[in-house]
Amino acid sequence: MINTYSVLDEINKIYPEDEVRFLSRAYQFAKEAHKNQKRASGEEYFTHPCSVAQILIGLKMDYRTIAAAFLHDVLEDTPVSASDIEKEFDAEVLALVEGVTKLDKIEFKSHEEEQAENFKKIFVSMAKDIRVIIIKLADRLHNMRSLNFLSHERQLRMANETLEIFAPLARRLGISKLNCELEDLCLKYIDPEAFEFLAENIHNKIEEREAFVQKMVDELRKIVFESNIKGEVFGRPKHFYSIYKKMKAKNLTLDQVYDLTALRILVNTVDECYELLGKIHKNYTPMPGRIKDYIAIPKENMYQSLHTTVVTSFGKVFEIQIRTYEMNNTAEYGIAAHWQYKENKNSSDNFDKRLSWIREVMEWEGGLKDSKEFLESLKGDVYNTELLVFTPKGEVISLAKDSTPVDFAYRIHTQVGNRCVGARINGKMVPLATVLKVGDVVEIITSNTSNGPSWDWLKFVKTNGARAKIKAFYKKEKADDMIKLGKQMLESEAKNKGYTFGELLTKENFEKLCEKFSFSGQEEMYIAVGSGALNVNQILVKLVDYYKKEHRPKVNHYPTGVTSKIVHSTGDVVIKGVDGLLVRFARCCNPVPGDKIIGFVSRGRGVVVHRCDCPNMKAEDPARFLDAEWTGKVGEDGYNVSLRITAKEDASVLSLVSTACAKYNMFILAINGRVDNKKHVSTVDITLKINKKEDLDNFLKHVTADPCILDVFRNNN
């Protein structure tokens, strides 16, 4: 339990006299407001704001942030009003308090929606004052420290929420002091057995490990001394969650994780960092692929350091980090370091760079439909910037893993993305759907006559920033006219096909369309069609297909003269209601065992077995349909199936298909291919002979797993 008076002692040691008086008032004000309130642990509630303030004092935050920490719960939990805070303190403190006040007065349909809306509001506040989220992180850290007093269900909910949102956010802001502790506390509740295992086993071997660490520290100190460089060398044990994550990702035992401790060297200048790196590699063997220069190419949160992993002379593996004292302060305190060096111009420049990603989030927030989509975007974009690529001028651009040139274009500027017509990677023209790799030099080709982004780009872009900007373009450009036109086109074409658009566009069918085309609502669908981004038939073919599967023809009665006996055909199928008629398979849809089938009484050709979704059956008389089912026996001659495969222009489709056929004992009966140079795609029509649908399913999984394959579907000849 915290001694609340000790917080005042810390304040007196750190802050100037006038700020101490201001903070003492905030302390007394909050203490009086929370009088007689208790926490779940039974202790006085005031211990919580004091603990939050203490965490922020440890980060050396400015005095108004500390005052807001004392007061951050008074608006929600006490009779104190906003005007009371502004009158007693000032508008800046009030703005910080309001920024972190919980949203209990808003009614949400579910916890998931509450969480999403809450974080959206937080990011709006962050764009105004980043100190809001720093207070929120400190608040969450203290709540995680006292999580043992809550129910198991609430423990898991808070731990998962913290691991998904708050810990990555602390990491993105560069505040490793908060990030590491948050992750370890989450692990304690999400996987308590793993946490206890690590705590016990790492502690048991601490003496043995410390001996090796000290030996290595002594050797590095000798290198620093002989280089005539002033600096410090020490060992830093890695936090549990980072060890746990490595064990899970690489399926390692604890004994196989060699770098449980990172060695850190702190010096005064960048030149000294590089000099020591060279001398360390001269004395020890560096591990290939484990040398990272974050000084030349800082992380997006402005983290800088040299990292190398070496094998020592006594056979141990160690990670060594080399950085300046200023870099180390930035790594520990992240964006909070700005308030320690407010007068330093370089600190202000770095601060602006750190805020750039928040401005990016708020720029594309307007293109997202709701808070849940915004939260998913945070998880996808804000936290997963793993890919570093370059502009032709050498500027480093950080993107999400598997991003494409379109993602790159929109990261540069919205108009670059909207006018993008092509791309070069490392000097070579490539399709816009090409996945970027670390170190690629990307050049975007633009045109002032471009009609704007293609809706098809939504199928392959990886960043939510690009996705939101593409959708925003279509919302802004003559949206009302395109909605009206798109709806008219769909209704007209549906009528031509013998349907009403209303019967096709059910709630369930529209949800399926959204999965395929990334629509956030019906207006987006109408805009896509009205603008020409999608062809009418791209929508209607899918809707008709969904409709047919839902409305499979039922057998109401049999044709005149047909008896209601059950007759087995050649061993493949059972037809109900016929006697003495020839049974054959339709060539138009090539049904195979496992497909849903129906019998059709033809004129002069007996019963023809079709797939239930065969489009040729739509206009036929339902009275001539008969129930059919597979017997489970495999025909001696096998079954023919036709497929259409679309792939990237340079994909080796024939080689891929041949390998899959050999693997699943299938034969190629016919194959025909063509290339569309404008769209940079190739199309292959292929007819296979198979034994059972299971083989076909395995074949399709094998082929579609290849990233060069864009689409594979059954053909109706």
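All values derive from a computational prediction rather than experimental measurement.
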Please determine if [X] and [Y] form a salt bridge, counting it only when a charged side-chain N lies under 4.0 Å from a carboxylate O.
{"X": "E181", "Y": "R145", "answer": "yes"}
{"X": "E92", "Y": "R131", "answer": "yes"}
{"X": "R290", "Y": "E319", "answer": "no"}

Query raised in the report: What residues, two or more places apart in sequence or in another chain, satisfy side chain to side chain donor-acceptor pair (under 3.5 Å) together with N283?
Result: none

Query raised in the report: Does N328 have any side chain to side chain donor-acceptor pair (under 3.5 Å) partners at least two apart in sequence or in another chain, and if so, which?
Result: R264, R323

So, for [X] and [Y], which heavy atoms are closest and what is the spacing to 0.1 Å?
{"X": "Y284", "Y": "V310", "answer": "CB-CB, 3.8 Å"}
{"X": "T391", "Y": "V441", "answer": "O-CG1, 3.9 Å"}
{"X": "G231", "Y": "V224", "answer": "N-CG1, 4.3 Å"}
{"X": "A159", "Y": "C186", "answer": "O-SG, 3.3 Å"}
{"X": "D402", "Y": "K462", "answer": "O-CG, 3.0 Å"}
{"X": "V217", "Y": "V233", "answer": "CG1-O, 3.8 Å"}

**Report entry** Evaluation steps, salt bridge (Lys or Arg N to Asp or Glu O under 4.0 Å), between R64 and E19
**Finding:** CA-CA 9 Å; R64 282 191 170 89; E19 294 180 2; over 6 Å; no

**Report entry** Residues that E275 engages under side chain to side chain contact (heavy atoms under 4.5 Å, CB included), provided they are two or more places apart
**Finding:** S227, I229, K279

Does the side chain of [X] reach to within under 4.5 Å of the side chain of [Y], using non-hydrogen atoms?
{"X": "V442", "Y": "R424", "result": "no"}
{"X": "M216", "Y": "V213", "result": "no"}
{"X": "K136", "Y": "F166", "result": "yes"}
{"X": "Y189", "Y": "N160", "result": "no"}
{"X": "M158", "Y": "N143", "result": "yes"}
{"X": "F408", "Y": "T404", "result": "no"}
{"X": "M61", "Y": "I66", "result": "yes"}
{"X": "I425", "Y": "P405", "result": "yes"}

Answer yes or no: is there a donor N or O on one side and an acceptor on the other, between the side chain of [X] and the main chain of [Y], under 3.5 Å?
{"X": "N12", "Y": "L8", "value": "yes"}
{"X": "D293", "Y": "I295", "value": "yes"}
{"X": "Q155", "Y": "L147", "value": "yes"}
{"X": "D440", "Y": "L436", "value": "no"}
{"X": "D184", "Y": "Y241", "value": "yes"}

**Report entry** Aromatic ring pairing H142/H48, orientation class (parallel under 30°, perpendicular over 60°, tilted between)
**Finding:** tilted

Requested in this report: Before giving the answer on side-chain hydrogen bond (donor to acceptor under 3.5 Å, both in side chains), spell out for D9 and S6 the whole-Å C-alpha distance, their side-chain angles and the decisive distance to 0.1 Å.
Outcome: CA-CA 5 Å; D9 293 336; S6 66; over 6 Å; no

[atom1]/[X] to [atom2]/[Y] distance, rounded to the nearest 0.5 angstrom?
{"X": "R140", "Y": "T162", "atom1": "CZ", "atom2": "OG1", "result": "4.0 Å"}
{"X": "E161", "Y": "L163", "atom1": "CD", "atom2": "CG", "result": "11.0 Å"}
{"X": "I280", "Y": "I320", "atom1": "CD1", "atom2": "CD1", "result": "4.5 Å"}
{"X": "L96", "Y": "D62", "atom1": "CG", "atom2": "CG", "result": "8.0 Å"}

Between the side chains of [X] and [Y], is a donor N or O closer than 3.5 angstrom to an acceptor N or O?
{"X": "Y410", "Y": "N418", "value": "yes"}
{"X": "E272", "Y": "N268", "value": "no"}
{"X": "S176", "Y": "N179", "value": "no"}
{"X": "Y244", "Y": "D191", "value": "yes"}

Requested in this report: Check the pair T312 / T285 against side chain to side chain contact (heavy atoms under 4.5 Å, CB included), numbers first and verdict last.
Outcome: CA-CA 7 Å; T312 68; T285 303; over 6 Å; no

Report task. Mark yes when over 12 heavy atoms from residues, nucleotides or ligands other than D218 sit less than 6.0 Å from its CG; otherwise mark no. Result -> yes

Query raised in the report: For atom CZ of F234, is the number of surrounding heavy atoms from other residues, nucleotides or ligands below 6.0 Å larger than 12?
Result: yes

Query - Y63 ring center within less than 6.0 Å of Y15 ring center - result: no

Query - Residue pair I291, H307: steps toward the side chain to side chain contact (heavy atoms under 4.5 Å, CB included) verdict - result: CA-CA 6 Å; I291 304 168; H307 291 193; over 6 Å; no

Requested in this report: Could you walk me through whether C420 and L432 pass side chain to side chain contact (heavy atoms under 4.5 Å, CB included), step by step?
Outcome: CA-CA 9 Å; C420 173; L432 290 176; 3.7 Å; yes

